[in-house]
Amino acid sequence: MDAKNRFETKTTFAFARMEWLALLVVSLVLAFQHLSEIRWAVFVALFAVIDVIGYIPGAIAHRRSRGKRIARGYYVAYNTMHSLVTAGVLAGAWSLFAGPEWALLALPIHLLGDRALFGNSLKPFGVAFEPETHPAYRTFERQYRAAGAEVSRDREERAHAVRA
């Protein structure tokens, strides 16, 4: 994926998820190292607020909608609450006003868990709120695979021509 080709293959997506998983493991290790220092009510509240504001309202609206199209505000709420930038601002503000604490690890644990374990990150307006393959992406994948197979055949034919 690059600035001109904003898509991922299954392989590149798996590598990105492994990176998120590595950061999730670091966050979990830190949490386990400081279990006795974590204020669990704060941890649970910080962990939950991401989905209470950012996911649950949109999920309910999605399930209630007939055509599975919901207002963009649900996407904005999801993307805002599931942003690492928002988590950083929240952690920074919390540290400034309440003091730094290990319970703040709930934020990266939640977000990195979503990315690494479930493959979820930010939601574009043009896809269903709940994961399902967009028909245009399904078509793109078929065309991309076909183009890759064609390139492989061309290389194989050239290799055979050189040997002959």
Side-chain angles (χ1 to χ4, degrees), residues 1-3 5-32 34-35 37-142 144:
M1 178 166 71
D2 58 37
N5 301 286
R6 294 182 310 264
F7 64 89
E8 294 177 295
T9 64
K10 289 181 181 188
T11 302
T12 58
F13 186 60
F15 279 117
R17 288 180 72 181
M18 285 191 293
E19 288 182 352
W20 295 118
L21 182 61
L23 294 170
L24 174 61
V25 168
V26 169
S27 298
L28 288 169
V29 166
L30 286 169
F32 282 113
H34 299 279
L35 277 175
E37 301 169 64
I38 293 176
R39 290 193 304 152
W40 288 101
V42 173
F43 184 97
V44 169
L46 290 170
F47 191 92
V49 73
I50 294 168
D51 283 342
V52 167
I53 294 172
Y55 170 70
I56 293 172
I60 292 169
H62 178 81
R63 284 174 180 78
R64 287 184 177 170
S65 71
R66 292 184 187 205
K68 303 300 181 198
R69 298 300 307 156
I70 61 174
R72 288 181 171 217
Y74 293 111
Y75 289 82
V76 172
Y78 181 92
N79 290 340
T80 299
M81 294 307 296
H82 286 81
S83 166
L84 292 166
V85 172
T86 301
V89 169
L90 181 58
W94 187 281
S95 295
L96 188 62
F97 296 110
E101 61 178 296
W102 292 108
L104 292 169
L105 284 170
L107 300 169
I109 288 171
H110 182 128
L111 298 176
L112 295 169
D114 277 356
R115 285 164 171 74
L117 304 175
F118 304 113
N120 296 330
S121 68
L122 305 179
K123 295 182 183 291
F125 294 134
V127 301
F129 191 81
E130 292 291 355
E132 64 182 53
T133 305
H134 192 284
Y137 191 76
R138 192 175 295 117
T139 300
F140 163 77
E141 279 188 313
R142 258 195 323 274
Y144 185 80

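All heavy atoms count here, side chains included; hydrogens, waters and symmetry mates do not.
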Closest contact, heavy atoms only, Leu112 versus Ser27: CD1-OG, 3.8 Å
Is the backbone of Thr80 close enough, under 3.5 Å, to the side chain of Ser83 for a donor and an acceptor to pair up by distance? no
Output for pair (Ile60 CD1, Ser65 OG), nearest 0.5 Å, gives 12.5 Å
Please, which pairs that meet side chain to side chain donor-acceptor pair (under 3.5 Å) have at least one residue in residues 103-116, sequence neighbours excluded? Asp51-His110, His82-Asp114, His110-Asp114
Before you tell me yes or no, could you show the steps for Leu21 and Leu117 under side chain to side chain contact (heavy atoms under 4.5 Å, CB included), namely the whole-Å CA-CA distance, both residues' side-chain angles and the distance that decides it to 0.1 Å? CA-CA 7 Å; Leu21 182 61; Leu117 304 175; 4.3 Å; yes
Atom of Asn79, atom of Lys123 and distance for their closest heavy-atom approach: OD1-N, 2.6 Å
For Arg138, look at atom CZ and say whether over 12 heavy atoms of other residues, nucleotides or ligands are found less than 6.0 Å away. yes
For Leu35 and Phe32: C-alpha separation, side-chain torsions, deciding distance, then whether side chain to side chain contact (heavy atoms under 4.5 Å, CB included) applies. CA-CA 5 Å; Leu35 277 175; Phe32 282 113; 3.7 Å; yes
Does some side-chain heavy atom of Asn120 sit less than 4.5 Å from a side-chain heavy atom of Tyr78? yes
Restricting to non-hydrogen atoms, name the atom on His134 and the atom on Gly126 that form the minimum distance, rounded to 0.1 Å. CD2-O, 3.2 Å
Could you check Ile109 against Phe43 for side chain to side chain contact (heavy atoms under 4.5 Å, CB included), going step by step and ending with a plain yes or no? CA-CA 10 Å; Ile109 288 171; Phe43 184 97; 4.1 Å; yes
4.5 Å side-chain heavy-atom contact, Phe125 and Val76: yes
Exercise: identify the closest heavy-atom pair between Glu37 and Trp102: OE1-NE1, 3.4 Å
Please step through side chain to side chain contact (heavy atoms under 4.5 Å, CB included) for the pair Glu101 and Trp94, ending with a clear verdict. CA-CA 9 Å; Glu101 61 178 296; Trp94 187 281; 2.7 Å; yes
If you count heavy atoms of other groups shown closer than 6.0 angstrom to CZ of Phe7, is the number above 12? yes
Less than 4.5 Å apart, side chain to side chain, heavy atoms only: is that true for Leu111 and Leu24? no
Shortest non-hydrogen contact between Glu8 and Tyr137, atoms and distance: O-OH, 3.0 Å
Would you call Phe129 and Tyr55 a side-chain contact if the rule is heavy atoms closer than 4.5 Å? yes
Heavy-atom nearest pair, Pro108 first then Leu104, reads CD-O, 3.2 Å
With sequence neighbours left out, what residues match Arg63 under salt bridge (charged side-chain N to carboxylate O under 4.0 Å, His left out)? Glu130
